Amino acid sequence: MAGKKVLIVYAHQEPKSFNGSLLKIAVEELTKQGCSVTVSDLYAMQFEPRATRNDIVGHLHNSEAFNYAVETWEAFKRGGLSKDLVEEQKKVQEADLLIFQFPLFWFNMPAILKGWMDRVLVRGFAYDSSKVYDSGLLQNKLSLFSFTTGGSKEKYAIRGDIRYLLWPMQHGIMHFCGVKVLEPHICYAPENVSEDKRKEMLTAWTQRLKTLWKEEPIDCSPEWYFK
Ligand SMILES: Cc1cc2nc3c(=O)[nH]c(=O)nc-3n(C[C@H](O)[C@H](O)[C@H](O)COP(=O)(O)OP(=O)(O)OC[C@H]3O[C@@H](n4cnc5c(N)ncnc54)[C@H](O)[C@@H]3O)c2cc1C
Ligand SMILES: [Zn+2]
């Protein structure tokens with residue numbers, strides 16, 4: 001929808017990859033719609049995934065025993081978070097929609113993207129003591145997890161519902177911070193399907209993006225994941 005701001009957090013090393021093609025499609029289609037699109041290309045940025053002391057500029061709240069959650073919370077309040085974090089938080093703050101584009105690694109997101117979650121979604125910025133889930137601090141935003149797998153759709157049906165994997169990402173992170181969740185977009189086994197099937201999956205992503213702003217968020221409750 002024209003005027004909407006979208007942040008795509010992208011975790012793949014290779015622009016020519018299938019994930020790279022999915023990213024390109026999203027940038028093109030959303031830009032065409034009149035959205036303003038920002039991409040955080042984590043590998044290209046050499047984004048630091050480790051949650052360390054370096055994320056705090058200046059003095060520590062308690063230099064005797066380091067506590068990452070407490071120190072980043074305190075640093076956020078006094079404007080003492082490292083520059084790369086502040087930049088990512090600004091992008092999140094401005095966005096109406098967050099799209100996460102990545103290949104599934106060990107039933108989860110790649111470490112560099114997990115590190116983005118760990119470091120950017122600081123207490124005071126994304127959530128606070130009683131400000132979690134529907135009261136989280138990142139209200140009025142949507143999120144969408146768009147990812148690829150190595151395993152086929154049939155294999156996932158046998159191994160168990162892929163929604164189980166989405167519980168920590170969608171519910172444990174996004175919903176916890178107050179962000180609403182759209183249906184995930186999953187491209188199964190792009191390496192092992194025909195060229196035609198790959199083209200079909202890319203077209204399906206373009207098609208979905210065309211009507212994305214009309215979608216209702218999922219009911220992000222245990223039933224959606226485990227029923
Ligand atoms: C550490 C690790 C852990 C993993 N854990 C899991 C796991 O737990 N579960 C699981 O299912 N998988 C797992 N995998 C596999 C991984 O999820 C897949 O390899 C990945 O999702 C494939 O996506 P890709 O973008 O890298 O594919 P690519 O290999 O980049 O792309 C597939 C094919 O699409 C082609 N392509 C790219 N763009 C286009 C285009 N525009 N048109 C047509 N063709 C195109 C490429 O040339 C390539 O031939 C793991 C992989 C790693 C490295
Ligand atoms: Zn939820």
Side-chain angles (χ1 to χ4, degrees), residues 5-20 22-24 26-27 36-95 97-128 131-132 136-138 141 143-148 165-166 168-179 181:
K5 291 190 173 152
V6 183
L7 171 62
I8 308 179
V9 186
Y10 166 72
H12 200 292
Q13 308 88 342
E14 174 55 61
K16 295 192 207 86
S17 67
F18 198 75
N19 273 271
L22 291 164
L23 170 72
K24 193 161 166 271
V27 172
S36 89
V37 184
T38 304
V39 178
S40 284
D41 183 343
L42 300 182
Y43 288 104
M45 291 157 73
Q46 302 201 25
F47 187 79
E48 167 63 271
R50 293 170 297 185
T52 69
R53 162 79 180 78
N54 295 338
D55 291 350
I56 293 100
V57 179
H59 75 273
L60 288 177
H61 179 69
N62 178 0
S63 52
E64 298 297 311
F66 183 74
N67 179 320
Y68 187 78
V70 171
E71 291 298 342
T72 49
W73 181 30
E74 293 295 337
F76 174 78
K77 286 189 284 189
R78 65 174 172 82
L81 283 174
S82 66
K83 194 166 156 278
D84 62 333
L85 293 195
V86 174
E87 276 171 18
E88 293 306 301
Q89 288 178 342
K90 190 160 172 279
K91 296 179 198 171
V92 171
Q93 197 65 67
E94 287 177 356
L97 168 65
L98 311 170
I99 298 179
F100 300 100
Q101 182 63 59
F102 58 97
L104 194 67
F105 276 12
W106 295 118
F107 275 24
N108 214 313
M109 59 186 94
I112 200 165
L113 178 55
K114 176 58 163 46
W116 185 94
M117 304 281 178
D118 293 349
R119 296 180 61 234
V120 175
L121 304 174
V122 165
R123 180 170 178 175
F125 170 71
Y127 70 95
D128 221 325
K131 302 248 166 44
V132 295
L137 294 176
L138 302 179
K141 294 183 195 300
S143 62
L144 194 169
F145 286 81
S146 173
F147 60 97
T148 59
L165 319 184
L166 293 162
M169 307 181 207
Q170 294 186 165
H171 178 78
I173 304 175
M174 285 299 122
H175 189 182
F176 188 83
C177 297
V179 181
V181 179

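All values derive from a computational prediction rather than experimental measurement. Atoms considered below: every heavy atom in the structure, side chains included; atoms not considered: hydrogens, waters and symmetry mates.
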Student: CE/Met169 to CZ/Phe107 distance, rounded to the nearest 0.5 angstrom?
Tutor: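 So the gap between those two atoms works out to 10.0 Å.
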Student: Measuring from atom CD of Gln101 to atom NZ of Lys24, what distance do you get when rounded to the nearest 0.5 angstrom?
Tutor: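 Output value for this atom pair is 14.0 Å.
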Student: Could you list the residues that satisfy side-chain hydrogen bond (donor to acceptor under 3.5 Å, both in side chains) with Lys16, not counting sequence neighbours?
Tutor: none
Student: So, for Leu137 and Gly124, which heavy atoms are closest and what is the spacing to 0.1 Å?
Tutor: CD1-O, 3.3 Å
Student: Once side-chain contact (heavy atoms from CB on, under 4.5 Å) is applied, do any residues pair with Glu87, and if so which ones, sequence neighbours excluded?
Tutor: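 Applying side-chain contact (heavy atoms from CB on, under 4.5 Å) to Glu87 gives Lys83.
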Student: Working to the nearest 0.5 angstrom, can you tell me the gap between Ile99 CD1 and Leu144 CG?
Tutor: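 Taking CD1 in Ile99 and CG in Leu144, the distance rounds to 5.5 Å.
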Student: To the nearest 0.5 Å, what is the distance between CZ (Phe147) and CG (Leu113)?
Tutor: 11.5 Å
Student: Within a 6.0 Å radius of atom CD on Glu14, are there more than 12 heavy atoms belonging to other residues, nucleotides or ligands?
Tutor: yes
Student: If you round to the nearest 0.5 Å, how far is CG of Leu104 from OG1 of Thr148?
Tutor: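 It comes to 7.5 Å.
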Student: State which residues pass side-chain contact (heavy atoms from CB on, under 4.5 Å) with Asn67; sequence neighbours excluded, sorted by chain then number.
Tutor: Ala69, Val70
Student: Checking Ser36 now: which residues fulfil side-chain hydrogen bond (donor to acceptor under 3.5 Å, both in side chains) with it, not counting sequence neighbours?
Tutor: none
Student: For a 4.5 angstrom cut-off between non-hydrogen side-chain atoms, does Lys77 reach His61?
Tutor: no
Student: Under the salt bridge (Lys or Arg N to Asp or Glu O under 4.0 Å) definition, can you give me all pairs with a residue in residues 52-65, not counting sequence neighbours?
Tutor: Asp55-Arg119
Student: For Glu71, check side-chain hydrogen bond (donor to acceptor under 3.5 Å, both in side chains) against everything at least two apart and list the hits.
Tutor: none
Student: Who passes side-chain hydrogen bond (donor to acceptor under 3.5 Å, both in side chains) against Gln170, sequence neighbours left out?
Tutor: Tyr225
Student: Counting neighbours of CZ on Arg50 that are heavy atoms of other residues, nucleotides or ligands and sit closer than 6.0 Å, is the number greater than 12?
Tutor: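 12 or below, so no.
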Student: What are the two closest heavy atoms between Gln89 and Phe125, and how far apart are they?
Tutor: O-CZ, 3.4 Å
Student: Looking at His12 and Asp41, what are the two nearest heavy atoms and their distance?
Tutor: O-OD1, 4.2 Å
Student: Take Gln93 and Lys5, measure what side-chain contact (heavy atoms from CB on, under 4.5 Å) needs, and give me the verdict at the end.
Tutor: CA-CA 10 Å; Gln93 197 65 67; Lys5 291 190 173 152; over 6 Å; no
Student: Quick one: closest heavy-atom pair of Lys141 and Ala95, and the distance?
Tutor: NZ-O, 2.9 Å
Student: Check Ile112 against Ala11 and note the closest heavy-atom contact, atom names and distance.
Tutor: CG2-CB, 3.9 Å
Student: Could you give me the CA-CA distance, side-chain angles and deciding distance for Leu165 and Asn108, then say whether side-chain contact (heavy atoms from CB on, under 4.5 Å) is met?
Tutor: CA-CA 7 Å; Leu165 319 184; Asn108 214 313; over 6 Å; no
Student: What residues, two or more places apart in sequence or in another chain, satisfy ring pair (Phe, Tyr, Trp, His ring centres under 6.0 Å) together with Tyr10?
Tutor: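 Tyr10 satisfies ring pair (Phe, Tyr, Trp, His ring centres under 6.0 Å) with no other residue.
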Student: Can you name the side-chain contact (heavy atoms from CB on, under 4.5 Å) partners of Phe176, sequence neighbours left out?
Tutor: Tyr127, Val132, Tyr133
Student: Restricting to pairs with a member in residues 102-118, which pass salt bridge (Lys or Arg N to Asp or Glu O under 4.0 Å), not counting sequence neighbours?
Tutor: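 Listed by first then second residue: Lys114-Asp118.
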Student: For Lys90, check salt bridge (Lys or Arg N to Asp or Glu O under 4.0 Å) against everything at least two apart and list the hits.
Tutor: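 Testing Lys90 for salt bridge (Lys or Arg N to Asp or Glu O under 4.0 Å), a comparison that skips the adjacent residues, returns Glu94.
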Student: Start with the C-alpha gap between Asn19 and Gln13, add the side-chain angles, then the distance that decides, and say whether side-chain contact (heavy atoms from CB on, under 4.5 Å) holds.
Tutor: CA-CA 9 Å; Asn19 273 271; Gln13 308 88 342; over 6 Å; no
Student: Can you list everything that forms a side-chain contact (heavy atoms from CB on, under 4.5 Å) with Glu88? Sequence neighbours excluded, please.
Tutor: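 Expected list: Ser40, Met45, Phe47, Lys91, Trp116, Val120.
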Student: Run through Val179, Ile173, Leu85 and flag the one making a side-chain contact (heavy atoms from CB on, under 4.5 Å) with Leu121.
Tutor: Ile173
Student: Between atom CG of Leu60 and atom CD of Glu74, what is the distance when rounded to the nearest 0.5 Å?
Tutor: 11.0 Å
Student: Any side-chain donor-acceptor pair under 3.5 Å between Ser82 and Asp84?
Tutor: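 Judged by distance alone, the side chains do pair up.
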Student: Step by step, work out the side-chain contact (heavy atoms from CB on, under 4.5 Å) result for Leu98 and Val9.
Tutor: CA-CA 7 Å; Leu98 311 170; Val9 186; 5.8 Å; no
